[in-house]
Colleague: 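Once you've had a glance at the structure underneath, I'll fire off some questions.
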Number of protein chains: 2
Amino acid sequence: MVTIYDIAKKANVSAMTVSRVINNSGSISQKTKEKVEAIINELGYIPNSSARSLISKKTKILSLMITDISNPFFTSVARGAEDKAMQMGYQLMLCNSDENIEKESKYIDMLISTGTDGVLIAPANDSSKKNIRKLTKFNIPFVLIDRHIKDLDCDQVLSDNETTTRRLIEHLINQGHKKIAIINAPLDVATARERQQAYCDTLKLHGLEVNENLIHQSNFLQDNDVSEAIKKMMELPETERPTAIFATSNFIGIDAVKFLKENKKNVPEDVAVVCYDGVPNYTGSEPFITAAEQPSYNFGYLGMQMLIERIENTAPKMPRKIVLPAEIHVRKSSIQLLD
Amino acid sequence: MVTIYDIAKKANVSAMTVSRVINNSGSISQKTKEKVEAIINELGYIPNSSARSLISKKTKILSLMITDISNPFFTSVARGAEDKAMQMGYQLMLCNSDENIEKESKYIDMLISTGTDGVLIAPANDSSKKNIRKLTKFNIPFVLIDRHIKDLDCDQVLSDNETTTRRLIEHLINQGHKKIAIINAPLDVATARERQQAYCDTLKLHGLEVNENLIHQSNFLQDNDVSEAIKKMMELPETERPTAIFATSNFIGIDAVKFLKENKKNVPEDVAVVCYDGVPNYTGSEPFITAAEQPSYNFGYLGMQMLIERIENTAPKMPRKIVLPAEIHVRKSSIQLLD
DNA sequence: CTGTTAGCGCATTCAC
DNA sequence: GTGAATGCGCTAACAG
């Protein structure tokens, strides 16, 4: 391994001078600078980050804690986060918590040990607060994305759950639906709670009854049990049976449509489906599900930007909150065909 | 920051004893061990990785260099890589090269500086060899995935490009196609070359002519220029115009189908399409494109496994090569409807 | 403009 | 079974 001492010896200067050249700090004669730089190139010297970090307490490593990179929402978040990080000279550590508090906690410990400069985190659920507090204890800045956590004073990038949900539900109501079901994620996740609250509020606002039998919990992962929820609802008496389903996440929406079709239900004729979150259109065909598409890339990009500003002390003291609107794309899964 | 000295002082032992407890090394009386552990928990001590790395030259950080996490193939690779890394107690650094040699090179330098223990890399193209040699120079083990590079003696996880391409082309031939086009990625990428070679070989094997006008280059990124390639082919005289297209990657296939449909060409009636790489089925509907689906998760998972074995010296000296077969899913985009 | 000294937090080496 | 000294590669603080 080539060290500054190797460079120093070969250039007939002290290690300190080499260090100054590398960091462009202090003042150095043009001549020594060039001489040192030439030797650095010649020997292919690359500074040792561990040694630097030991002194500076900075690693130039940022971390992204998400629940699952396989979820297209987070894939795009990750890409946005990485782009901004790279642009600002940071590297990105990737962590998938799988909505699991213990796994998240283990990661947090590893991140603290490695000495990450900051964490962009979509917390697993409300209990993540404990994990996040640990970051605070170690003076590691963090920015919350997607999922709010109560009483945590920090920068955040959130979705406008209230408005977006209301617009999705009102779209269904406008289509004539009166029995609208919700298949949601666990209520210990802020987005799930907010979406459910907005769902109830919107129904009431329009004089519609909130029926407990039409409210179901699933999860955010790919192997959720949406089918169970739908089965139960299909066994309800005709008068209660839903004519529309509000899926609070992409995977839930996809699986709902799949399950309905497998069970010979026509979408949207028998049951309409709308969905929070879009999915990339990888098919040659038209997208099918009516969806509230989020600017996921910007969750990562803007979140990282705030995080870096926090780290580099260029941010205002006050915690900032960015609320990103979703775009509602009305598609076949919720439009009654006229005849 | 809590250090081993804080623990040592509080436990009335030397720092060395604390270090021994943490690393389970040397021999320590059960009593001291328990006392020290209690204080470690009490103070919430977490070892400083920088200090450790400075001595051990190990960081417990592995890196994944891919071209773009947004490509579903690599999303899944990343997930596989991360799962294996985490399972073995490593963290994962994510790098998107965007098929760009300079960006890749910059990342490699950053990784060397940080001191990654190993790199799982899908090289941007043949010129990546120079970047990879740099890893060798710094004694950083690496494993190649997806894209072979000539004269690089190392573990690799590759796709069976020859067999898979042949089966895709033969499927088209069996459907009666004689004028089969290929829209490929740049030929400085091994997979592109191998797929093109197999495409030509298979045509010849079946007594079909290889027409240069039906061979086009695009790229692996999402904003490729597939439309240009197709436009040109549509302007060919009727006798040359292709009745089928072999897209050598998922994005190329998707865009080909999109462009054809936008231009009032029926798929598969006017032009059939087959594609190397699958895409996740996020629609409620049936998948449409005939595709050779790769076990992408395993590219990451098995690649990481080999990398870790290399790092931990549990691998045989000989470089290993894993060739993963793809599964061909025949779908509507290439099946002539009988009437 | 340049060099010397000291120390970041930890583990290796050698004593006891 | 335990401790003291030393150094990993680098840079802050000071000296010249």
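Just the heavy atoms: all of them, side chains too, but no hydrogens, waters or symmetry mates, feed the values below. All chains are named by letter (A, B, ...) in the order of the sequence lines, taking the proteins before the strands, and each is independently numbered beginning at 1.
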Colleague: For the pair B/R310 and B/D155, find out whether any cationic side-chain nitrogen is under 4.0 Å from an anionic carboxylate oxygen.
Modeller: yes

Colleague: Select base, sugar-phosphate, or nothing to describe what B/T17 touches, counting heavy atoms under 4.0 Å on all strands.
Modeller: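 Answer is sugar-phosphate: B/T17 comes under 4.0 Å of backbone atoms only.
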
Colleague: Are B/E99 and B/R147 within salt-bridge range, i.e. N to O under 4.0 Å?
Modeller: yes

Colleague: Determine, for B/K58 against B/D117, whether the closest basic-nitrogen to carboxylate-oxygen distance falls under 4.0 angstrom.
Modeller: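 No, B/K58 and B/D117 are not salt-bridged.
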
Colleague: If you measure only the distance, is there a donor-acceptor pair under 3.5 Å linking the side chains of B/S49 and A/S113?
Modeller: yes

Colleague: For residues B/T114 and B/T59, determine if any side-chain heavy atom of one lies less than 4.5 Å from a side-chain heavy atom of the other.
Modeller: no

Colleague: Going through the distances and angles, do A/S53 and A/S50 end up as a side chain to side chain donor-acceptor pair (under 3.5 Å)?
Modeller: CA-CA 5 Å; A/S53 302; A/S50 297; over 6 Å; no

Colleague: Considering only heavy atoms from C-beta outward, does the side chain of A/Q156 approach that of A/V323 to under 4.5 Å?
Modeller: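 The answer is no; the side chains never approach within 4.5 Å.
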
Colleague: Run the salt-bridge test on A/R133 and A/D151 with the 4.0 Å N-O cut-off and return the result as yes or no.
Modeller: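 Answer for the salt bridge query: no.
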
Colleague: Base, sugar-phosphate, or nothing: which does B/S53 touch, judged by heavy atoms less than 4.0 Å apart?
Modeller: nothing

Colleague: Detail all sub-3.5 Å separations between protein N/O atoms and N/O atoms belonging to nucleotides 9-12 of chain C.
Modeller:
| from | atom 1 | to | atom 2 | distance (Å) |
| --- | --- | --- | --- | --- |
| C/dG9 | OP1 | A/K57 | NZ | 3.4 |
| C/dG9 | N2 | B/A51 | O | 3.4 |
| C/dC10 | OP1 | B/Y45 | OH | 2.4 |
| C/dC10 | OP1 | B/N48 | N | 3.3 |
| C/dC10 | OP2 | B/I4 | N | 2.7 |
| C/dC10 | N4 | B/Y5 | OH | 3.4 |
| C/dA11 | OP1 | B/N23 | OD1 | 3.4 |
| C/dA11 | OP1 | B/N23 | ND2 | 3.2 |
| C/dA11 | OP1 | B/R52 | NE | 2.9 |
| C/dA11 | OP2 | B/S19 | OG | 2.7 |
| C/dA11 | OP2 | B/N23 | ND2 | 3.2 |

Colleague: Could you give the start and end, 5' to 3', of the contact zone on DNA chain D for chain B, using atoms under 4.0 Å from its heavy atoms?
Modeller: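 So the outermost contacting nucleotides come out as D/dG1 to D/dG9.
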
